Each structure stands twice: as structure tokens, then as C-alpha cells.
Amino acid sequence: QHIKNTDHAYRGKLYLRRHYVVPEPYVWDTSFTVDIKQMDDEHVGLFNVVREMEANPGDKGTWDKLMNLYLEHFAHEEDLFTQIKEQKHDIADHRNRHLGLMKTIKGAVLPITKEITQFIKNWLAQHIKNTDFTYKGKMPKLYAVP
């Protein structure tokens with residue numbers, strides 16, 4: 001017997017996350033732009049440090065650099081959210097995604113495995129296009145002071 005679904009409260013609330021191709025070679029390109037220069041520049045740095053970690057999986061200095069760059073970027077990005085008017089961005093969800101990555105990778109031991117490197121590569125590519133893109137166009141426009 002078919003049961004008709006009459007609970008329509010979910011309509012419009014289902015957020016379908018797409019799976020995007022992780023670039024190979026792992027280099028930032030304009031398909032990742034969020035139209036905020038600081039964020040785009042930091043995203044370039046995040047891609048670069050992951051490649052650096054992949055090339056030097058046993059280097060503690062490189063791992064520390066990766067962790068610090070990600071933490072600094074997340075702090076900068078979360079500060080920008082305060083500029084979005086009328087709560088047009090789900091700040092709590094976005095922040096939880098950042099925390100989720102950091103909790104997942106913080107216990108990694110050297111040398112960093114290919115599995116962890118692949119996880120970080122995939123996470124960043126998916127995060128920018130599925131999550132960061134949700135604030136694209138919502139930040140106030142900045143104009144140069146004459």
C-alpha cells in the first residue's frame with residue numbers, strides 16, 4: 001500500500017550538495033573564485049600548502065604550516081560573515097564544517113598518509129564550491145576611498 005507523503009515542510013529546505021572534481025594537478029583555478037580577493041588569495045595558499053605537504057609528508061614544519069594556514073583562513077572567513085546583512089548566510093553550519101575538518105585531521109601523525117592528503121584535497125574542493133559559494137555575492141561591496 002502506498003502512503004502519501006503529506007509532510008511538505010521540507011520543501012525548499014533540502015540542500016543538495018554536489019560532488020565536484022578535485023583538480024589534478026592540485027592547483028587553484030578561477031572556477032574556485034568567491035569574488036573576494038582576500039579569500040581567493042588565501043584559497044590559493046591552501047591549495048599550495050596541501051601540495052607542499054604531499055611532497056614532504058614527513059616534514060613537521062610543513063604540517064604545522066598547513067594547520068596554521070587553515071586555522072588562520074577559517075578565522076578570517078568567519079570574521080567576514082559578520083558583514084553579511086540580514087542573516088543571509090548560515091554561519092553556524094559553515095563554522096561547523098571548518099571545525100569538522102580540523103577535528104578530523106588534528107590527530108594525524110607523521111608521515112602524513114596519501115589518504116589524509118586526498119581527504120584534505122577533496123574536502124577543500126568540495127567546501128569552496130558547496131559551502132563558500134553560498135556567501136558569494138552576499139558581502140557588502142567595498143569601494144575605494146577617493
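Numbering of residues begins at 1 and proceeds along the displayed sequence. Note that the coordinates shown come from a computational prediction; the quantities given were computed from them, not determined experimentally.
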Practice item. Any chance you could measure H19, atom NE2, to N130, atom CG, to the nearest 0.5 Å? Key: 9.5 Å

Check your understanding: Same cluster for V22 and F119 if Ile/Leu/Val/Met/Phe/Trp/Tyr side chains link at under 4.5 Å?
Key -> yes

Review point. Taking only residues two or more places apart in sequence or in another chain, which ones pass salt bridge (Lys or Arg N to Asp or Glu O under 4.0 Å) with D64?
Key: K60

Review point. Is there a donor in the side chain of K129 and an acceptor in the side chain of S31, or the other way round, less than 3.5 Å apart?
Key: yes

Revision key, fill the gap. Between L110 and D59, the two heavy atoms sitting closest are CD1-C, 4.2 Å

Check your understanding: Would you call the rings of F32 and W28 parallel, tilted or perpendicular, where under 30° means parallel and over 60° means perpendicular?
Key -> tilted

Review point. Which atoms form the tightest heavy-atom contact between G45 and L69, and what is the distance?
Key: O-CD1, 4.2 Å

Exercise for review: Establish whether W63 and L101 are linked, either directly or via other cluster members, by ILVMFWY side-chain heavy-atom contacts under 4.5 Å.
Suggested key: yes

Exercise for review: Find the distance between CG (L66) and CG (N56) and round it off to the nearest 0.5 Å.
Suggested key: 12.0 Å

Review point. Given side chains that start at C-beta, do those of P23 and F47 come closer than 4.5 Å, heavy atoms only?
Key: yes

Practice item. Without swapping roles, check the side chain of T82 against the backbone of E78 for a donor-acceptor pair under 3.5 Å. Key: no

Practice item. Return the set of residues passing side-chain contact (heavy atoms from CB on, under 4.5 Å) with L99 (not counting sequence neighbours), or none when no residue passes. Key: R95, N96

Check your understanding: Can L124 and Y26 be said to form a side-chain contact (heavy atoms from CB on, under 4.5 Å), step by step?
Key -> CA-CA 11 Å; L124 183 60; Y26 195 67; 3.4 Å; yes

**Study point:** Polar contact flag, side-chain donor to acceptor under 3.5 angstrom, N48-E52
**Key:** no

Practice item. Establish, from distance only, whether the side-chain atoms of H127 and H43 form a donor-acceptor pair under 3.5 Å. Key: no

Practice item. State yes or no: do L71 and M39 share one hydrophobic cluster built from I, L, V, M, F, W and Y residues joined by side-chain heavy-atom distances below 4.5 Å, directly or via other members? Key: yes

Practice item. State whether the side chain of D35 and the backbone N or O of K136 hold a donor-acceptor pair below 3.5 Å, judged by distance alone. Key: no

Practice item. Quick one: pull up CZ in R51 and CG in L46 and give me the separation to the nearest 0.5 Å. Key: 11.5 Å

Exercise for review: Using a 4.5 Å cut-off on heavy atoms from C-beta on, say whether the side chain of I105 contacts that of M67.
Suggested key: yes

Point to revise | Value rounded to 0.5 Å, distance of CG in D40 from OG1 in T33 | key: 3.5 Å

Exercise for review: List the steps and the verdict of side-chain contact (heavy atoms from CB on, under 4.5 Å) for H76 and L80.
Suggested key: CA-CA 6 Å; H76 294 159; L80 283 176; 6.0 Å; no

Check your understanding: side-chain contact (heavy atoms from CB on, under 4.5 Å) with I91: which residues, sequence neighbours excluded?
Key -> F81, H89

Review point. Given side chains that start at C-beta, do those of H73 and H98 come closer than 4.5 Å, heavy atoms only?
Key: no

Practice item. Check for a donor-acceptor pair, side chain of D90 on one end and backbone N or O of D93 on the other, with a separation under 3.5 Å. Key: yes

Point to revise | Working for side chain to side chain donor-acceptor pair (under 3.5 Å), residues N122 and Q126 | key: CA-CA 6 Å; N122 183 59; Q126 305 315 315; 3.0 Å; yes

**Study point:** Interatomic spacing from NE2 in H94 to CG in D132 - rounded to 0.5 Å
**Key:** 4.0 Å

Point to revise | Sub-4.5 Å side-chain heavy-atom contact between V49 and Y70 | key: yes

Check your understanding: Cut-off 3.5 Å, side chains only: do Y135 and E77 have a donor facing an acceptor?
Key -> yes

Exercise for review: Look up atom CD1 in I120 and atom OG1 in T104, then write down how far apart they are to the nearest 0.5 Å.
Suggested key: 9.5 Å

Review point. Under the 3.5 angstrom rule, does the side chain of T131 hit a backbone N or O of I128 as a donor-acceptor pair?
Key: no

Check your understanding: Are K121 and E54 close enough for a salt bridge, meaning some N to O gap below 4.0 Å?
Key -> yes

Review point. Side-chain contact, heavy-atom cut-off 4.5 Å: F74 with D79?
Key: no

